[in-house]
K.L.:
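Let me begin by handing over the structure; questions about it come next.
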Amino acid sequence: DVVRELERLGIAVDVAHLGDGGFWDLIFHAKKPPMTSHSCCRALRNHTRNLTDDQIRALIDADGWMGSNFYTEFLTDQKQSTVETLVDHIAHVADLGGVRHVGFGSDFDGIDSAPVDVRHPGEIPNILTALKKRGFTQEEIEGIAGLNFLRYFEKIDIV
């Protein structure tokens with residue numbers, strides 16, 4: 001009932017803080033594409049807050065959107081992360097078929113550890129450079145940098 005009301009009101013339904021069971025319930029019940037505003041890939045960092053490949057594929061299949069979290073704890077089991085660690089997660093989503101479904105979900109306002117070269121919004125260009133070096137096209141980079149997020153909101157009738 002809550003999901004239907006959120007969708008009726010034009011509010012994006014976010015799975016970022018749901019456990020695995022809640023995620024699958026939402027995928028099953030949602031009529032509009034859900035999103036995860038700030039999550040990473042469990043295949044790269046086994047953390048309960050990260051999504052499994054099956055969950056990421058389900059989100060993509062539902063035409064949803066995934067914001068890659070910049071929190072070191074979700075990116076790696078090392079004490080520090082870098083822009084390359086973050087791009088690994090973005091590239092993993094892209095490899096699963098989600099290059100048009102992924103973007104930035106920094107969580108700068110809620111984390112105490114970010115990649116050493118992306119500690120604040122002024123360092124976002126470091127991500128764009130790393131994406132280009134990794135072989136993403138200009139169109140894909142523009143999508144990841146924000147256009148994918150805007151397309152998502154158009155799909156759920158918010159913009």
K.L.:
Would you say E5's side chain and V2's backbone share a donor-acceptor pair under 3.5 angstrom?
P.N.:
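Answer holds: no.
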
K.L.:
Can a salt bridge be assigned to the pair E73 and R49 using a cut-off of 4.0 Å between side-chain N and carboxylate O?
P.N.:
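Looking at E73 and R49, the cut-off is not met.
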
K.L.:
Is there a donor-acceptor contact under 3.5 Å from the side chain of R100 to the main chain of G143?
P.N.:
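Looks like no, no N/O pair under 3.5 Å.
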
K.L.:
Is the side chain of R151 donor-acceptor paired with the backbone N or O of H101 at a distance under 3.5 Å, no angle test?
P.N.:
no

K.L.:
Please report the interatomic distance CG(L128) to NZ(K133), rounded to the nearest 0.5 Å.
P.N.:
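L128 CG to K133 NZ: 12.0 Å, rounded to 0.5 Å.
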
K.L.:
Ignoring hydrogens, what is the shortest heavy-atom contact between Y152 and A12? Give both atom names and the distance.
P.N.:
OH-CB, 3.8 Å

K.L.:
With a 3.5 Å distance limit and no angle check, can you tell me whether T85 reaches the backbone of T82 through a side-chain donor-acceptor pair?
P.N.:
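Yes; judged by distance alone, with no hydrogens or angles, the pair exists.
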
K.L.:
Yes or no on side chain to side chain donor-acceptor pair (under 3.5 Å) for D14 and S37, after CA distance, side-chain angles and deciding distance?
P.N.:
CA-CA 6 Å; D14 190 351; S37 57; 2.4 Å; yes

K.L.:
Begin from the C-alpha positions of F104 and F149 and carry the test side-chain contact (heavy atoms from CB on, under 4.5 Å) through to its verdict.
P.N.:
CA-CA 9 Å; F104 303 151; F149 190 54; over 6 Å; no

K.L.:
What distance do L96 atom CG and M66 atom CE have between them, rounded to the nearest 0.5 Å?
P.N.:
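The CG atom of L96 sits 9.0 Å away from the CE atom of M66.
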
K.L.:
Given 3.5 Å as the limit, does a donor-acceptor pair link the side chain of R45 with the main chain of T76, or not?
P.N.:
yes

K.L.:
Which atom names give the shortest non-hydrogen contact between V118 and F108, and what distance separates them?
P.N.:
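Heavy-atom minimum between the residues: O-CE2, 3.5 Å.
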
K.L.:
Taking 4.0 angstrom as the limit, do D54 and R57 come out as a salt bridge?
P.N.:
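Between R57 and D54 there is a salt bridge, with a charged N closer than 4.0 Å to a carboxylate O.
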
K.L.:
Kindly determine whether S81 and L86 satisfy side-chain contact (heavy atoms from CB on, under 4.5 Å), including the steps that lead there.
P.N.:
CA-CA 8 Å; S81 60; L86 174 60; over 6 Å; no

K.L.:
What pair of heavy atoms forms the shortest contact from P115 to L75, and how long is it?
P.N.:
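Answer, listing the atom of P115 first, then L75: CG-CD1, 3.9 Å.
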
K.L.:
If hydrophobic clusters are built from ILVMFWY residues whose side chains come within less than 4.5 Å, do I124 and V116 share one?
P.N.:
no

K.L.:
If two hydrophobic side chains count as joined below 4.5 Å and joins carry through other members, does F28 share a cluster with V3?
P.N.:
no

K.L.:
As an exercise, state the distance from CH2 of W65 to CG of N148, rounded to the nearest 0.5 Å.
P.N.:
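W65 atom CH2 to N148 atom CG measures 8.5 Å (nearest 0.5 Å).
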
K.L.:
Taking C41's backbone N and O only, do any of them form a donor-acceptor pair with H89's side chain (distance below 3.5 Å, no angle check)?
P.N.:
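Yes.
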
K.L.:
Does this structure show an ion pair linking R42 with D53, if we count only N-O contacts that are shorter than 4.0 Å?
P.N.:
no

K.L.:
Are there over 12 heavy-atom neighbours, none belonging to E139, within less than 6.0 Å of that residue's CD?
P.N.:
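No, not enclosed.
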
K.L.:
Taking all non-hydrogen atoms of both residues into account, name the closest pair between N69 and I111 and its distance.
P.N.:
OD1-CG2, 4.1 Å

K.L.:
Could you tell me the separation between the CG atom of L44 and the CG atom of D77, rounded to the nearest 0.5 Å?
P.N.:
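The CG atom of D77 is 11.0 Å from CG of L44, to the nearest 0.5 Å.
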
K.L.:
A quick test of your reading: do over 12 heavy atoms of other residues, nucleotides or ligands sit less than 6.0 Å from CD of E123?
P.N.:
yes

K.L.:
Enter the distance from F74:CZ to D107:CG here, rounded to the nearest 0.5 Å.
P.N.:
7.5 Å

K.L.:
Take I127 and F70 through the side-chain contact (heavy atoms from CB on, under 4.5 Å) test and state the conclusion after the steps.
P.N.:
CA-CA 11 Å; I127 305 170; F70 295 12; 3.5 Å; yes

K.L.:
Give the intermediate values and the outcome of side-chain contact (heavy atoms from CB on, under 4.5 Å) for residues D1 and R4.
P.N.:
CA-CA 5 Å; D1 290 341; R4 293 210 196 308; 5.7 Å; no

K.L.:
With distance as the sole test, does N126 use its side chain to make a donor-acceptor pair with the main-chain N or O of V83 at under 3.5 Å?
P.N.:
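Not at all, since once roles are kept as given, no pair shorter than 3.5 Å links the two residues.
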
K.L.:
Using salt bridge (charged side-chain N to carboxylate O under 4.0 Å, His left out) as the criterion, point out the one residue from K32, K31, K155 that pairs with D63.
P.N.:
K155

K.L.:
Of all the heavy-atom pairs spanning S68 and I90, show the shortest one and how long it is.
P.N.:
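Residues S68 and I90, closest heavy atoms: OG-CG1, 3.5 Å.
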
K.L.:
State, to 0.1 Å, how close H38 and G105 come at their nearest heavy-atom pair, and which atoms those are.
P.N.:
CB-O, 3.2 Å

K.L.:
Say you draw a straight line from CZ of R134 to CD1 of I141; how long is it, rounded to the nearest 0.5 Å?
P.N.:
11.5 Å

